[in-house]
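Here's the structure we're looking at; comments come further down.
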Amino acid sequence: MAAAAAAGPFSLREVLDAFRRCVTEQREVLLEPYLSGWRGLIRFLQSLGAVFSFISKDAVAKVALLEAQHRQHRFVSLQSLVQHELAAGPAALRARPDSGCRTVLRLHRALRWLQLFLEGLRSGEPRTSVLCTDAYNASLAQHHPWVVRKAATVAFCALPSRDAFLEIMNVGSADEAVAMLGEAIPYIGDVYGITQELFAEHKLLDLP
Ligand SMILES: CCCCCCCC/C=C\CCCCCCCC(=O)N[C@@H](COP(=O)(O)O)[C@H](O)/C=C/CCCCCCCCCCCCC
């Protein structure tokens, strides 16, 4: 938990750099920058206040689980993690509530939410709660029970304005922030696309 909650202000540039460093020439997704990108995002979420703590706690726990596996097995990439866990057989993997694969899958779905949300912010729509709800309904919501969906949509009403979001990104003027979003979204989309293919290839997109 401590590592994922590391101090320091949010910087979209750092998150962008982390996701840019994720993808290798061989189209592998490196675990270290992937987790670093998530740690940056979590820092942002934690700065939004207690109303979002049930979400950040879940994200912190998932990143911490992957950090522990990264330390223990020295996985370099998502591909090596998947290969290692599949070696025990698909049935054994499906039975594990603490597998790296099911944890990555949850973050992977959240990455799709992020991609859609950032696209919305870039589009100029000022109502962040609407942007966030739309992105959520098109991604994570279908995997969450009613009570989580309800709590999430209530929390979204407490989101700061679009202008505040652009300021918190810490990259200069609103125009510069929007430009950086345009730069960041394809990197995030690339990581999402490669992970989606990897999980589809191994029939892991519905891990319980
Ligand atoms: C300048 C713009 C930058 C935007 C930065 C956004 C920062 C967002 C940081 C983190 C995103 C949250 C990641 C949430 C991961 C959720 C994983 C998940 O689906 N977990 C559920 C299933 O887990 P298992 O039970 O199967 O282990 C779990 O039940 C979830 C519980 C918490 C509710 C999750 C709601 C997620 C809403 C989407 C994030 C909204 C954040 C809004 C902040 C802008």
Side-chain angles (χ1 to χ4, degrees), residues 4-5 9-16 18-19 34-66 94 96-123 125 127-172 174 176-185 187-188 192 204-208:
F10 174 77
S11 154
L12 183 67
R13 197 182 304 277
E14 275 176 34
V15 171
L16 162 69
F19 284 109
Y34 184 83
L35 294 176
S36 169
W38 272 107
R39 284 192 290 268
L41 291 169
I42 289 169
R43 266 208 320 271
F44 176 80
L45 194 58
Q46 287 170 332
S47 75
L48 293 183
V51 70
F52 294 96
S53 65
F54 75 106
I55 305 177
S56 60
K57 278 182 185 155
D58 185 66
V60 165
K62 285 176 169 50
V63 168
L65 185 146
L66 290 172
R94 294 188 84 78
R96 280 183 58 192
D98 64 340
S99 73
C101 286
R102 83 173 289 287
T103 305
V104 169
L105 179 63
R106 270 58 182 175
L107 293 181
H108 168 64
R109 291 168 180 160
L111 205 61
R112 176 68 180 152
W113 162 82
L114 180 69
Q115 186 189 358
L116 296 172
F117 180 64
L118 296 184
E119 278 168 5
L121 268 187
R122 187 167 174 252
S123 76
E125 161 63 60
R127 294 166 302 166
T128 50
S129 61
V130 171
L131 288 178
C132 193
T133 305
D134 288 352
Y136 177 68
N137 287 341
S139 56
L140 283 167
Q142 56 203 285
H143 306 286
H144 289 166
W146 181 87
V147 63
V148 171
R149 293 202 304 271
K150 193 74 197 160
T153 33
V154 169
F156 296 160
C157 296
L159 282 173
S161 67
R162 178 175 183 271
D163 286 349
F165 259 104
L166 296 179
E167 196 174 320
I168 299 167
M169 285 180 201
N170 272 324
V171 289
E176 287 169 320
V178 169
M180 180 151 294
L181 283 178
E183 215 185 310
I185 291 165
Y187 288 111
I188 291 168
Y192 179 83
L204 298 175
L205 283 170
D206 63 345
L207 275 182

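Position 1 is the first residue of the sequence, and the numbers go up from there. Atoms within a ligand are numbered from 1 in the order they appear, just like the ligands themselves. It should be emphasised that the depicted structure is a prediction, and the values quoted were computed from it without experimental measurement.
- Residue V148 has at least one heavy-atom neighbour below 4.0 Å for each of these atoms of ligand 1: 33 (C).
- Against a heavy-atom cut-off of under 4.0 Å, R102 is close to the following atoms of ligand 1: 24 (P), 26 (O), 27 (O).
- With respect to the salt-bridge test (charged N to carboxylate O, under 4.0 angstrom), the residues E14 and R43 qualify.
- Between R106 and ligand 1, at least one pair of N/O atoms sits closer than 3.5 Å.
- Looking only at heavy atoms of the protein, atom 28 (C) of ligand 1 is closest to D58 OD2, 3.6 Å.
- Near K62, the atoms of ligand 1 lying under 4.0 angstrom from a non-hydrogen atom of the residue are 20 (N), 23 (O), 24 (P), 27 (O).
- Distance from atom 5 (C) of ligand 1 to its nearest protein heavy atom, with residue and atom name: F44 CD2, 3.4 Å.
- Under 4.0 Å from ligand 1, the heavy atoms of L159 that appear belong solely to its side chain.
- Nearest to atom 38 (C) of ligand 1 by heavy-atom distance, out of T153, L166, L140, is L140.
- The nearest protein atom to atom 12 (C) of ligand 1, hydrogens excluded, is given as I55 CG2, 3.7 Å; this is a heavy-atom distance.
- Note on R94 versus D206: salt bridge recorded, some NZ/NE/NH1/NH2 to OD/OE distance being below 4.0 Å.
- Note: no N/O pair closer than 3.5 Å links Y136 and ligand 1 by distance alone.
- Checked against a 3.5 angstrom limit, the closest N/O atoms of W113 and ligand 1 fall outside it.
- Counting non-hydrogen atoms of other residues, nucleotides and ligands closer than 6.0 Å to CZ of R13 gives a total of 12 or fewer.
- Ring-centre distance between F19 and Y192: not below the 6.0 Å cut-off.
- Listed by number with element, the atoms of ligand 1 under 4.0 Å from a non-hydrogen atom of M169 are 1 (C).
- Residue contacts with ligand 1 for H144 involve side-chain atoms from C-beta outward but no N, CA, C or O (heavy atoms, distance under 4.0 Å).
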- Worked verdict on L204 versus V104 for side chain to side chain contact (heavy atoms under 4.5 Å, CB included): CA-CA 10 Å; L204 298 175; V104 169; over 6 Å; no
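- Contact annotation: for T103 versus ligand 1, there are no heavy atoms closer than 4.0 Å.
- Residue-ligand proximity: I168 is placed with every non-hydrogen atom at 4.0 Å or more from ligand 1.
- Which parts of ligand 1 touch L41 is read off a 4.0 Å heavy-atom cut-off, strictly below it: atoms 5 (C), 7 (C), 9 (C).
- Ranking the protein heavy atoms by distance from atom 11 (C) of ligand 1 puts W38 CZ3, 3.9 Å first.
- Those atoms of ligand 1 that come under 4.0 Å of a heavy atom in F156, given as number and element, are 37 (C), 40 (C).
- Ring orientation note: the planes of F117 and W113 are close to parallel, at an angle under 30° on the 30°/60° scale.
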